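I have placed the structure first, in the form of structure tokens, so that the comments after it can refer back to it.
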2 protein chains.
Amino acid sequence: MARKNFPDPTDLTPSGEGGLALGPEFRLTKQRREVFEVLTAQRDHPTATEVFMRVKEKVPGISLATVYNCLETLTHSGLVRQVNLDRSPSRYCPNLEDHAHFHCESCGHITDIAIHDPCALQAALALPPGTHIHRTEIALRGHCPTCTPSAKAPQN
Amino acid sequence: MARKNFPDPTDLTPSGEGGLALGPEFRLTKQRREVFEVLTAQRDHPTATEVFMRVKEKVPGISLATVYNCLETLTHSGLVRQVNLDRSPSRYCPNLEDHAHFHCESCGHITDIAIHDPCALQAALALPPGTHIHRTEIALRGHCPTCTPSAKAPQN
DNA sequence: GTGAATGCAAAACCTTTGCAACTGG
DNA sequence: CCAGTTGCAAAGGTTTTGCATTCAC
């Protein structure tokens, strides 16, 4: 098993960038390597199914369940972030920096938006004193600069 | 039908607060009234199933599908916001002010956090010039002041 | 009266799981 | 060698849908 019961994130070796540092307890299989490879190659926030289709070209026998497993392992290893926008399928993102996600309602693209002042951000919120924040998830929707807001584009 | 194909939000009459202003095209049924009533009576961000259970006491014959329908109508009428945290079931919130959601990892409660400076918030983000933001969704996770971070509370 | 809304059950959808076979270290 | 991982198929939980009936306007 060991499907579930992930170690505490603080136990993990900080990512070695080149070598996919999954941390102890995790084996480096070709499925996991390829899933991670797909995510970093094209940072377009694919869904599990999209990852599956891309990985199949390298590992034809891979199953969707394994892709879900790999994505879960990578997420718990801290190498990948799961991005949930509305009720749509989860998307995955190898950008570990503190950032928001912008979803264009015209072209459907999802873009990373850097947070260049986390303090200002927290100051903008009326947080009760004594609140401890572990994680912040910011999703923005609208139109990106290249999508003219006047033209009703295909929307995807 | 008319299930789907909602009018443009700009066409809607601004809420009359007392009288549940659903807008033209929408009929005021007792199911819709009660669903809205339940949401405003106890602003604890219930899921559709929780709303269903509460409404059943007033409208015993209501079905879960109708609750989903009502919540969708209320959302599209702009009277209610759908709140999506991770992959968990959607929750619903009658607070129309610009606000974030704080989810306590100890007690599980979801709290509204006012955004007292929307400009500072946007300034904290590195948005490409020309980006038009329609909607902002901010979800925070951590421990609320009343949950001592040391004690491993039931977590729910 | 008439079209919109409801209730029911069944379907759709994304995701997780049980288990036997396999494999990385 | 052996626990962790895979692949498959089947189950799970949330949300949507088809359709006949009911109801708001």
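When reading the values below, keep in mind they use all heavy atoms of this one structure, side chains included, and skip hydrogens, waters and symmetry mates. Below, chain A is the first sequence line, B the second, and so on; all start at residue 1. Here the structure is a predicted model, which is why all the values come from computation and not from measurement.
Dense packing is recorded around NE2 of B:His116, with more than 12 heavy atoms of other residues, nucleotides or ligands lying under 6.0 Å away.
Among the nucleotides D:dC8, D:dT17, D:dT6, the one closest to any side-chain atom of A:Ala65 is D:dC8. Residue A:Tyr68 places its side chain closer to C:dT16 than to any other of C:dG7, C:dT16, C:dA5. Here the nucleotide nearest the side chain of A:Pro89, chosen from D:dC25, C:dC14, D:dG7, is C:dC14. For A:Arg27, taking side-chain heavy atoms from C-beta onward, the closest of the listed nucleotides C:dT23, D:dT6, D:dC25 is C:dT23.
In summary, the side chains of B:Asp112 and B:His45 do present a donor paired with an acceptor at a separation below 3.5 Å, with no hydrogens or angles considered. A side-chain N or O of A:Arg87 and one of B:Ser90 form a donor-acceptor pair less than 3.5 Å apart.
Between B:Gln82 and B:Lys30, the residue anchored nearer the 5' end of DNA chain D, judged by the nucleotide with its closest heavy atom, is B:Gln82. Comparing A:Gly61 and B:Tyr92 against DNA chain D, the residue whose closest nucleotide sits nearer the 5' end is A:Gly61. Nearest-nucleotide positions on DNA chain C place B:Ser63 closer to the 5' end than the other of A:Thr47 and B:Ser63.
At D:dT15, one or more side-chain N or O atoms of A:Arg87 fall inside 4.0 Å of OP1 or OP2 (strictly under the cut-off). Taking only side-chain nitrogens and oxygens, B:Thr49 never comes nearer than 4.0 Å to OP1 or OP2 of D:dT14. The shortest distance between the side-chain N/O atoms of B:Thr66 and the OP1/OP2 oxygens of C:dG7 is below 4.0 Å. Dashed line: the shortest gap from a side-chain N or O of A:Gln31 to OP1 or OP2 of D:dG7 is under 4.0 Å.
The residue A:Thr73 sits apart from the nucleic acid: no heavy atom pair falls under 4.0 Å. Across all strands, A:Ser90 comes closer than 4.0 Å only to sugar-phosphate atoms, never to a base (heavy-atom distances).
Tested against B:Val80, the residues B:Val35, B:Leu74, B:Thr40 include a single side chain to side chain contact (heavy atoms under 4.5 Å, CB included) partner, B:Leu74.
The interatomic distance linking B:Leu74 (CG) with C:dA5 (C1') rounds to 13 Å, in whole Å. For the pair B:Glu34 CD and C:dG7 P, the interatomic distance rounds to 12 Å; values are reported in whole Å. Atom pair B:Phe26:CZ and C:dT6:C1' shows a separation of 16 Å (rounding to whole Å applied). Rounded to whole angstrom, the span from the CD atom of B:Glu72 across to the P atom of D:dT14 amounts to 18 Å. A straight line from CG of B:Asn84 to P of D:dT15 spans 8 Å, rounded to a whole angstrom. Following rounding to the nearest Å, A:Glu50 (CD) and C:dC14 (P) show an atom-to-atom distance of 11 Å. Distance A:Leu71 CG to C:dT16 P: 10 Å, rounded to the nearest Å. The CG-C1' distance, from B:Asn69 to C:dC8, rounds to 13 Å in whole Å.
Looking only at side-chain heavy atoms (C-beta outward), A:Ile113 and A:His101 stay at 4.5 Å or farther from each other.
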### Query
Taking it one step at a time, do B:Glu50 and B:Arg91 satisfy salt bridge (charged side-chain N to carboxylate O under 4.0 Å, His left out)?
CA-CA 9 Å; B:Glu50 285 164 353; B:Arg91 296 174 172 279; 3.7 Å; yes
